[in-house]
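Any value given below was found using the heavy atoms of this structure, including those in side chains, with hydrogens, waters and symmetry copies removed. Remember, it's 1-based here, ligands and their atoms both numbered in the order they're listed.
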Amino acid sequence: MSSPNVPLRTLFVTSEFSGLAKAGGLAEVSAGLPLALRQRGVDVRVLMPAYPDVIARLSDITWSGRLPGRAAIPACQIGEALLPDGTFLCLIGEPSLYDRCGTPYCTPEGRDWPDNHIRFARLALAASEIARGRGVPGWRPDLVHVNDWPGGLTPAYMRWDGTDVPTVMTIHNIAYQGLCNAGQRNRLGIPDDAFRIDGVEFHGQVSFLKAGVYYATHVTTVSPTYAREITTERFGAGLHGLMQGIAEHGRLSGIINGIDESWDPGSDPYLPHHFAAEDLHGKQANADVVRTSMCLRPSKGPLFGIVSRLVHQKGLDLVAEAANNIVQQGGQIAILGLGDPEIEHMLSRTSRRHRDDIGILIGFNEPMERRIVAGSDFTLMPSRFEPCGLTQMQAQRYGALPIAHATGGLADTIDDGSTGFLFSDLTLDGLMAACSRAFDTFGNDEQLTAMRRTAMARRSGWASAAAEYETLYNRLCGRREVASPHRPPRRVARPAAVRDPEMDVAA
Ligand code: ADP
Ligand code: GLC
């Protein structure tokens, strides 16, 4: 049991970090949660691979440690860097694994790297070694917090090496499991007796996510509704049986994410026009900027925004079906996203059919993202499933009322009829019924303003999630609630030094 008088030391293991390497919401969580925990007095260090962008964007990295390899996993260096906001990063340096162009997971053409199992086993093994006091001089965690499949082998290596430090495994998306061929298991240093159903085996393959879930002390996911959903066959992606068992043993909980404080319509530097709940004039002006930049005709009708990874999960095929109807009713749609080429083509075709009313930018960049959200009256999120979702929280803060499928975190963070519109029936009729309610609201100034104000006032920072994780960490480490290392939250946006507004622009 660690002493409650010294700050709890936590190693936060991730494959993405906002401003350094981002493929989706995990990057935002990896930047936002550790910072909020730090503000509560938790000594968090974030462990991630040193991809080329990470090295390029950090001015000062001290390479101070070295860790051995295992089986086919090469040795690596450990670097340390301190961000301007006080976040402490531990970086895994191994050029043969990470010195490549592309996203954290894929080639520039969008194909998974064939050695991803080795790349992320290196991440997990480094976490496990640091948990035993190696690699980071003078620092050893009381708890290791692992995120998604890339970190999944961490609790497993720790168990096999006899490292008795509690672990939290957070599932951000159970659909991505990190599967690899069983023939790779010796190369990953997986003991033979762990390759079974009560271990890392999943239908004849090695599953990184299952390993994490199976060996972790506690499993969390990113909303209470998704925590229930993944115990069902419909949402559990084949792991529902395991999730049910874990839930029955009280080892599964759902904690809603937060969003960064820089999402503030009154001060966001990317917005051409600032606005506030009491004075929404700037919102209309932002809509006009979006229309002009996406070559849409001037209009007084509602603007529907979509900012998303363009993947099956997000249900945007329904938007393609609904587009005609939305345009006929006087609506326009602005889309920003990147992902599956088939979905990109489908939405591009839809846009070409309605050139003046539907605009699409294939790519991703934060200034455009924020302008679209700020200018939109409504945000479309017909996700098939949504573990948490950050976009609907960002949209509410900018008064862009979400129209969303009542699933996962969408159901937990949108108050139907008050801060947005939820629909349960994931069909064209279901979506259009919700859109009709939105059109009606748009035609009623008083109701529209009231809903926007309620949505914009909704609390969605990181403080509440950080408090819940801290309580969990303390319980797992056998510590009582620490009296009050809690410092009042500082208003800190993500660090300017690692921010590049033009990063990842592909449009
Ligand atoms: P998900 O993580 O499933 O994509 P979330 O709503 O949790 O969904 O997260 C959305 C976050 O991902 C937002 O912060 C947004 O900035 C970012 N994002 C959306 N689309 C892309 C993209 N194509 N590339 C990188 N980041 C993206
Ligand atoms: C995943 C989920 C998304 C969630 C994000 C951060 O990408 O798809 O719903 O918000 O992780 O937890």
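Atoms of ligand 2 found under 4.0 Å from any heavy atom of Asn257 (numbered from 1 in listed order, with element): 6 (C), 10 (O), 12 (O). Close approach of ligand 2 to Val29 is summarised as follows: ligand atoms under 4.0 Å from at least one heavy atom of the residue are 6 (C), 12 (O). Atoms of ligand 1 found under 4.0 Å from any heavy atom of Gly25 (numbered from 1 in listed order, with element): 1 (P), 2 (O), 7 (O), 9 (O), 11 (C), 12 (O). Interface of Lys314 with ligand 1, defined as ligand atoms under 4.0 Å from a residue heavy atom, comprises 1 (P), 3 (O), 4 (O), 8 (O). Close contacts of ligand 1 with Leu338, meaning ligand atoms under 4.0 Å from a residue heavy atom, involve 23 (N). Close contacts between ligand 1 and Gln394 involve ligand atoms 14 (O) [criterion: under 4.0 Å to a heavy atom]. Close contacts of ligand 2 with Asn173, meaning ligand atoms under 4.0 Å from a residue heavy atom, involve 8 (O). Atoms of ligand 1 found under 4.0 Å from any heavy atom of Gly24 (numbered from 1 in listed order, with element): 2 (O), 12 (O).
When each of Ile326, Thr427, Leu318 is paired with Met432, the side-chain contact (heavy atoms from CB on, under 4.5 Å) condition holds for Ile326 and for no other. Partner of Thr170 under the side-chain contact (heavy atoms from CB on, under 4.5 Å) criterion, chosen from Val146, Val222, Val29: Val222.
Taking only nitrogen or oxygen atoms, main chain and side chain alike, Leu390 reaches within less than 3.5 Å of ligand 1. The N/O atoms of Gly389, backbone and side chain alike, include one that comes under 3.5 Å of an N/O atom in ligand 2. No N or O atom of Gly363 sits closer than 3.5 Å to an N or O atom of ligand 1. Where the criterion is an N or O separation shorter than 3.5 Å, residue side chain and backbone included, Lys314 fails it with respect to ligand 2.
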- request: Give the C-alpha distance, both sets of side-chain angles, the deciding distance and a yes or no for salt bridge (charged side-chain N to carboxylate O under 4.0 Å, His left out) between Asp317 and Arg384.
  value: CA-CA 11 Å; Asp317 38 314; Arg384 291 187 162 80; 2.7 Å; yes
field: Test ring-ring contact (aromatic ring centres under 6.0 Å, His included) applied to Tyr105 and Phe120, step by step
entry: CA-CA 9 Å; Tyr105 319 106; Phe120 293 109; 5.8 Å; yes
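The heavy atom nearest to atom 18 (N) of ligand 1, out of those in Trp263, Phe385, Phe364, is found in Phe364. Looking at His172, Glu28, Glu16, Met381 and measuring to atom 1 (C) of ligand 2, the nearest heavy atom belongs to His172.
Below 30°, between 30° and 60°, or above 60°: for Tyr51 and Tyr98 the angle between ring planes is above 60°, a perpendicular geometry. Aromatic ring orientation, Tyr473 versus His145: perpendicular (interplanar angle above 60°, classes split at 30° and 60°).
Within the 4.0 Å heavy-atom cutoff, Gly389 counts among the residues contacting ligand 1. In this structure, Glu366 falls outside the shell of residues with a heavy atom less than 4.0 angstrom from ligand 1.
Heavy atoms of Glu28 found under 4.0 angstrom from ligand 1 belong exclusively to the side chain. Counting heavy atoms under 4.0 Å from ligand 1, residue Ser308 touches it through the backbone alone. Counting heavy atoms closer than 4.0 Å to ligand 1, residue Ala23 contributes backbone atoms (N, CA, C, O) but none from C-beta onward. Counting heavy atoms closer than 4.0 Å to ligand 1, residue His172 contributes nothing at all.
Between Asp288 and Lys283 there is no salt bridge, since none of the side-chain N atoms of the basic residue sits less than 4.0 Å from a carboxylate O of the acidic one. Classification of Arg100 and Asp115 as a salt-bridged pair holds, one side-chain N sitting under 4.0 Å from a carboxylate O. By the 4.0 Å N-to-carboxylate-O rule, Asp268 lies close enough to Arg370 to be salt-bridged with it.
Of all non-hydrogen atoms in Pro166 and Cys477, the two that sit nearest each other are CG-SG, 3.9 Å.
Under the side chain to side chain donor-acceptor pair (under 3.5 Å) criterion, Thr167 pairs with Thr217, not counting sequence neighbours. The salt bridge (Lys or Arg N to Asp or Glu O under 4.0 Å) search around Asp148 returns none, not counting sequence neighbours.
At the top of the distance list for atom 3 (C) of ligand 2, counting protein heavy atoms only, stands Glu386 OE2, 3.4 Å. At the top of the distance list for atom 7 (O) of ligand 2, counting protein heavy atoms only, stands Arg309 NH2, 4.1 Å. In terms of protein heavy-atom proximity, atom 8 (O) of ligand 2 is nearest to Gln313 NE2, 3.1 Å.
Proximity of the aromatic rings of Trp263 and Tyr398 is defined here by a centroid distance below 6.0 angstrom, and this criterion is met.
In this structure, Arg45 is positioned above the aromatic face of Phe88, its NZ or CZ under 6.0 Å from the six-membered ring centre and within 45° of the axis.
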